[in-house]
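Numbers for residues simply follow the sequence, beginning at 1. Please read these numbers as outputs of a predicted model, since none were measured by experiment.
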Amino acid sequence: MTDATTGPFPSRWGPDDEMGALNLVTPESTLAALAMIKQAKTYDLSHVLEGEMPVPGFHGQFFANTQFTLENGEDWHHKYLGVMKNGYSAQNLRINMSDQSGTHIDNLNHIGQRQADGDYYLYNNIRNKDVIDTFGTRRLGMENVPAFIARGILIDVAGHLGHDIMPAGYAIQPHEIDAAREAQGGTEVRQGDVVLVHTGWGKHWEDPETLLSGEPGLGKACAEWANEHDIMMWGLDQFAIDPIPFETEGECLPMHIEMLSKSGIRLIENVYLEEIVREKVYEFCVIGAPMRFKGGTGSPIRLLAMI
């Protein structure tokens with residue numbers, strides 16, 4: 001196996017690291033984020049998971065249906081638990097989905113890059129063929145990703161540039177992020193922040209065909225900006241973080257490679273931002289709770305902003 005210190009994607013936190021930038025969460029940073037809550041007002045930044053929501057074809061459509069109703073569930077209970085003399089019954093929903101569904105977080109095993117030896121490598125120089133199996137990967141799985149509490153900031157790039165919805169293919173540059181921060185009062189970026197960028201593309205959520213036809217996104221130069229500011233995560237109101245069509249022809253989703261594979265900075269996609277944009281909530285405590293899928297490459301996430 002490749003030496004974790006000499007391969008293409010070493011972790012600054014050592015050869016055994018699987019947390020990436022989540023290492024920036026500390027008891028001190030968590031308490032500082034919680035101290036930001038003064039009004040106990042909560043904004044839900046997650047979309048509802050439902051059958052008609054947009055999901056790229058590569059991941060496969062979300063599907064859910066009623067498995068048992070109260071009426072036919074009674075038969076199951078009678079058979080396996082005995083006759084329900086008190087009228088008890090239960091019903092449930094059966095769900096089939098990709099771990100990349102809805103408002104979701106991309107994990108560090110989601111993206112790899114092929115190297116000169118022909119093999120694909122993940123974060124921290126993990127060779128994919130050494131860890132992939134029937135149920136995801138044996139390292140870097142979602143079971144290792146904790147819920148997190150951190151400082152979050154909103155950067156309204158669309159508003160600063162005068163767009164209701166930025167056009168597909170628009171590659172946001174670092175100077176535009178900084179200009180938008182200054183325009184909204186000089187929002188400070190701090191180590192370990194969750195940085196949410198508003199493009200307006202999420203307004204297409206109820207029109208899956210348009211939403212999945214392309215998108216604005218972060219230009220490749222934003223990777224250096226993220227590393228310089230030592231952020232923990234990006235979140236955008238569209239499905240892939242990178243612009244589509246691509247910023248450079250033939251370079252597929254370079255921000256995914258730069259952030260997930262090289263820097264350990266996770267990505268949150270399809271974030272619902274309209275409410276905090278409308279109310280100009282630029283700094284907040286952000287709370288995220290992904291599901292712990294063993295071997296998972298991502299997870300739907302309940303993302304909350306609190307002030």
Side-chain angles (χ1 to χ4, degrees), residues 18 20-22 44-64 94-113 120 122-123 126 128 131-148 194 196-197 199 201-202 204-218 232-244 246 252-261 263-273 288-303:
E18 299 189 30
L22 275 167
D44 197 326
L45 308 181
S46 307
H47 286 285
V48 174
L49 293 166
E50 56 184 332
E52 300 304 315
M53 68 181 180
V55 182
F58 179 78
H59 298 306
Q61 191 60 35
F62 175 93
F63 176 79
R94 190 168 184 86
I95 297 171
N96 183 2
M97 66 176 178
S98 164
D99 57 8
Q100 303 282 319
S101 297
T103 303
H104 67 272
I105 186 169
D106 284 354
N107 200 18
L108 303 183
N109 57 348
H110 178 45
I111 296 296
Q113 187 180 46
Y120 284 92
L122 304 168
Y123 173 75
I126 296 172
N128 194 58
V131 296
I132 190 68
D133 64 16
T134 304
F135 303 104
T137 59
R138 293 186 296 276
R139 292 189 63 189
L140 301 176
M142 278 302 303
E143 71 273 19
N144 300 308
V145 179
F148 58 88
V194 175
L196 306 182
V197 176
T199 72
W201 196 254
H204 293 308
W205 185 255
E206 301 295 334
D207 179 8
E209 183 176 356
T210 299
L211 186 132
L212 296 174
S213 67
E215 63 181 14
L218 300 174
M232 183 173 72
M233 293 181 194
W234 289 105
L236 269 71
D237 54 344
Q238 34 91 319
F239 66 91
I241 300 294
D242 290 81
I244 300 174
F246 304 143
C252 181
L253 308 186
M255 277 292 285
H256 276 66
I257 295 172
E258 295 293 326
M259 297 290 90
L260 296 170
S261 299
S263 300
I265 295 174
R266 288 171 176 81
L267 310 174
I268 309 176
E269 296 167 335
N270 296 324
V271 182
Y272 175 70
L273 294 177
M291 291 185 278
R292 299 179 67 188
F293 294 125
K294 186 173 179 62
T297 70
S299 167
I301 187 170
R302 194 67 180 268
L303 195 67

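Applying the side chain to side chain donor-acceptor pair (under 3.5 Å) test to pairs two or more places apart or on separate chains, those with a residue in residues 235-244 are T199-D237, D242-H256.
Here the closest non-hydrogen pair linking R266 and L260 is CA-CD2, 3.8 Å. The shortest heavy-atom contact between P146 and L22 is CD-CD1, 4.0 Å. Scanning all heavy atoms of the two residues, the minimum distance from G102 to H104 falls at O-ND1, 2.8 Å. V194 and F148 get closest at one heavy-atom pair: CG2-CE1, 4.2 Å. Closest heavy-atom contact between P300 and F293: CD-CE1, 3.9 Å. The minimum heavy-atom distance linking M142 with N107 is given by the pair N-ND2, 3.4 Å.
In this structure, OG on S213 lies 9.5 Å from CD1 on I244, to the nearest 0.5 angstrom. In this structure, CD1 in I301 is found 4.5 Å from CD1 in I268, a value given to the nearest 0.5 Å. Here OH of Y123 is found 10.0 Å from CZ of R139. Values are rounded to the nearest 0.5 Å. Annotation: the span from L253 atom CG to I111 atom CD1 amounts to 6.5 Å, rounded to 0.5 Å. Taking OG of S101 as the reference point, atom CD1 of I95 lies at 10.0 Å (rounded to 0.5 Å). Between atom CZ of residue F239 and atom CD of residue E269 there is a gap of 9.0 Å, rounded to the nearest 0.5 Å.
Atom CZ of R292 has 12 or fewer neighbouring heavy atoms from other residues, nucleotides or ligands inside a 6.0 Å radius. Within a 6.0 Å radius of CD in E209, other residues, nucleotides and ligands contribute 12 heavy atoms or fewer.
Annotation: side chain of I126 is in contact with side chain of L140 (closest heavy-atom distance under 4.5 Å).
N96 is linked by a side chain to side chain donor-acceptor pair (under 3.5 Å) to nothing, counting only residues two or more places apart in sequence or in another chain.
Side-chain atoms of S299 never come within 3.5 Å of backbone atoms of D99 as a donor-acceptor pair (strictly under, hydrogens ignored). Checked by atom type and distance alone, the side chain of Q61 pairs as donor or acceptor with a backbone atom of G51 at under 3.5 Å.
Using a 3.5 Å distance cut-off with no hydrogens or angles, the side chains of T137 and N109 do pair a donor with an acceptor.
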